[in-house]
K.L.:
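My questions will all concern the structure given below.
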Protein chains: 2
Amino acid sequence: MGGSEIRRTMPLFPIGIVMQLADLSARQIRYYEEHELISPARTEGNRRLFSLNDIDRLLEIKDLLEQGINMAGIKKIFAVSKMEKVEGDPFAKKPELTDDELRNLLKKEMLSPGKLSRSSIRAGDLSRFFR
Amino acid sequence: MGGSEIRRTMPLFPIGIVMQLADLSARQIRYYEEHELISPARTEGNRRLFSLNDIDRLLEIKDLLEQGINMAGIKKIFAVSKMEKVEGDPFAKKPELTDDELRNLLKKEMLSPGKLSRSSIRAGDLSRFFR
DNA sequence: AAGAGTATGTTAGAATTACTAACATCGATG
DNA sequence: CATCGATGTTAGTAATTCTAACATACTCTT
């Protein structure tokens, strides 16, 4: 209370800034939210406010999309990497896609021509920009 | 071009966020700008955008104000600490207030009762909030 | 005590930015 | 070719911010 701390989870950025930072359109960002890949905070007046973590995640999404992975795949990937962090949690949520389904998804995506291995630039993790 | 870097000088935050972060009213922030203590960037549509440095500076201003120093004094203090950084610069700008004037200002401010030595909390430098 | 100056509050009206929802497009896929 | 998935575009509405003006509460000066 009163004192203000800046954390990576703190909602700070309006969508206009995030668009520039992540080089994404508002439409794209909202679409990813619609698919629950991000969950930015809201102001009292319902404007989205993004944290540094949100932006990192957007960059990850962008990266994965460029590799030809679709919403469902990305969602699954995030679910997995989240599970790794809470490994052993007895309350761990059951993922919507089984591992089999993910394998199928990825196999399908892999076969789509011209998309894979285009950008080898690691996009994610905005923190490297700070000094 | 194209790639986006986040620097401490990068204009990122709308005034609403800065108000929360620095615990200042919009009126205060705009007033300090009016007195050239800060110079936030603007969007194309003329909305202010503040950098991390701007926010640090706002916290410094707040701190100095709480110590009873006025706009002119703060401006001078900033001018001095800026000069220290470019010490020896043959093009160094001549300050609007002479050192004598500053001494008088500060002496006057020192004598004002009830304001001095109230908060011993160091406010400035937002960077300590990051991890 | 009256007047002037300083920092801030408040209000009004205009302009920008963001929101949702709907419809359009375009490439890949069955 | 009819769908689907990701994104563009548009319209209408609502939130946020802007400037400018006037108000207030102190402090200082005379």
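Residue numbering restarts at 1 for every chain, and letters A, B, ... go by the order of the sequence lines.
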K.L.:
Looking only at heavy atoms, which two atoms of A:L12 and B:I17 are closest? And how far apart?
P.N.:
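Closest heavy-atom pair between A:L12 and B:I17: O-CG1, 3.2 Å.
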
K.L.:
Please report the interatomic distance OH(A:Y32) to CE(A:M71), rounded to the nearest 0.5 Å.
P.N.:
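The distance works out to 5.0 Å.
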
K.L.:
Working to the nearest 0.5 Å, report the span between CD of A:E36 and CD of A:E34.
P.N.:
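Rounded to the nearest 0.5 Å, the CD-CD separation comes out at 10.0 Å.
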
K.L.:
Identify, with sequence neighbours excluded, every residue that meets side-chain contact (heavy atoms from CB on, under 4.5 Å) alongside B:P40.
P.N.:
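Partners of B:P40 under the side-chain contact (heavy atoms from CB on, under 4.5 Å) test: B:E33, B:I38, B:R48, B:F50, B:D54.
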
K.L.:
So, A:K62 side chain and A:A22 main chain: donor-acceptor pair closer than 3.5 Å or not?
P.N.:
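Confirmed, A:K62 side chain pairs with A:A22 backbone.
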
K.L.:
In the 5'-to-3' direction, what one-character label does each nucleotide of nucleotides 14-24 of chain D receive under the scheme B = base within less than 4.0 Å of a protein heavy atom, S = sugar-phosphate only, - = no such atom?
P.N.:
BBBBBB-B---

K.L.:
Tell me: CG of A:L37 to C1' of D:dG5, nearest whole Å?
P.N.:
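Those two atoms, CG and C1', are 13 Å apart.
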
K.L.:
Is there a side-chain contact between A:Y31 and the phosphate of D:dG8, meaning an N or O under 4.0 Å from OP1 or OP2?
P.N.:
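Checking A:Y31 against D:dG8: no side-chain N or O falls below 4.0 Å of OP1 or OP2.
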
K.L.:
Atom NZ of A:K75 to atom P of D:dA6: distance rounded to whole Å?
P.N.:
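Distance, rounded to whole Å: 12 Å.
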
K.L.:
Tell me: CD of B:E34 to C1' of C:dT8, nearest whole Å?
P.N.:
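Atom-to-atom, B:E34 to C:dT8, this comes out as 12 Å.
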
K.L.:
What is the distance, rounded to the nearest whole Å, between atom CD1 of B:I61 and atom C1' of C:dA7?
P.N.:
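Rounded to the whole Å, the gap is 13 Å.
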
K.L.:
Within this structure, what is the CD1-to-C1' distance between B:I69 and C:dA7, rounded to whole angstrom?
P.N.:
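These atoms are roughly 15 Å apart.
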
K.L.:
Take atom CG of A:L65 and atom P of C:dG27, then tell me their distance rounded to the nearest Å.
P.N.:
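Rounded to the whole Å, the gap is 18 Å.
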
K.L.:
Expressed as a whole number of angstroms, how long is the span from A:I29:CD1 to C:dT17:P?
P.N.:
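So the CD1-P distance, A:I29 to C:dT17, works out to 16 Å.
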
K.L.:
Can you give me the closest heavy-atom contact between B:F13 and B:L52, atom names plus distance?
P.N.:
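Here B:F13 and B:L52 meet closest at CE1-CD2, 3.8 Å.
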
